[in-house]
Amino acid sequence: MTEPQTDAQAPHEVADFDAFFAEQTQAAPQGVPLRLFGRDYVLPPKLSTLFALQLHRVHTSANPADIRRLLAALFGPDAIDHWAEHGMSDRQFGIVLLWSTSNMAEPGSMTMAQAAEEYDARESAQATAGKARPPRPRPKGKRRSSGKRS
């Protein structure tokens, strides 16, 4: 069994990141508060690694459980159920997510009205992109009939 080394015995000092980060830490920033369907929430003051990883996963997944885990990191484990019980629409959901992610990254960077405008603009752009499909090519060889007999 080896004896733990003391600083006097250690040829190399332990790189103590706990102590280093404690020295680097300034006053803990406060998260941005919001109220939704009668509940108060406080966004995390910065994006966590867990949130960033979950956000990446959501982009590549259609699994509702992945979205639920992502939202739990921001709003708590039962927030999505609470919102659904109160009839939250897709538009409202999108606006809350836009506002929240923007203000978590930089508090005060987006108003609720700006989030609504941004959401509507994105939805409009997607709808326009869906309508602007190129015409389907006609099969070669056969001509389309007008349906009239000659």
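FYI, side chains are in, hydrogens and waters are out, and symmetry mates aren't considered; it's all heavy atoms of this structure.
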Nearest 0.5 Å please: distance from the [atom1] atom of [X] over to the [atom2] atom of [Y].
{"X": "Ile80", "Y": "Arg69", "atom1": "CD1", "atom2": "CZ", "value": "13.0 Å"}
{"X": "His82", "Y": "His86", "atom1": "NE2", "atom2": "NE2", "value": "4.5 Å"}
{"X": "Phe75", "Y": "Leu34", "atom1": "CZ", "atom2": "CG", "value": "5.5 Å"}
{"X": "Trp83", "Y": "Phe93", "atom1": "CH2", "atom2": "CZ", "value": "6.5 Å"}
{"X": "Thr111", "Y": "Glu118", "atom1": "OG1", "atom2": "CD", "value": "11.0 Å"}

- prompt: Any donor and acceptor pair, going by atom type alone, linking the side chain of Glu23 with main-chain N or O of Phe20 inside 3.5 Å?
  reply: no
message: So does Ser89 get a backbone contact from the side chain of Gln92, meaning a donor-acceptor N/O pair under 3.5 Å?
response: yes
field: Summary of side-chain hydrogen bond (donor to acceptor under 3.5 Å, both in side chains) pairs that have at least one residue in residues 95-109, sequence neighbours excluded
entry: Ser102-Ser109
- request: Any chance you could lay out the side chain to side chain contact (heavy atoms under 4.5 Å, CB included) test for Arg122 and Leu98, step after step, and finish with the verdict?
  value: CA-CA 11 Å; Arg122 289 181 186 189; Leu98 276 171; 3.2 Å; yes
task: Mind jotting down which residue pairs meet the salt bridge (charged side-chain N to carboxylate O under 4.0 Å, His left out) criterion with at least one end in residues 75-96? Sequence neighbours excluded, please.
output: Arg39-Asp78, Arg68-Asp81, Arg91-Asp120
Contact check, side chains of Met88 and Leu36, non-hydrogen atoms, under 4.5 Å: yes
- request: Indicate yes or no: at least one non-hydrogen side-chain atom of Pro44 is less than 4.5 angstrom from one of Leu74.
  value: yes
message: If hydrophobic clusters are built by linking Ile, Leu, Val, Met, Phe, Trp and Tyr wherever their side-chain heavy atoms come under 4.5 Å apart, do Met104 and Val42 end up in the same one?
response: no
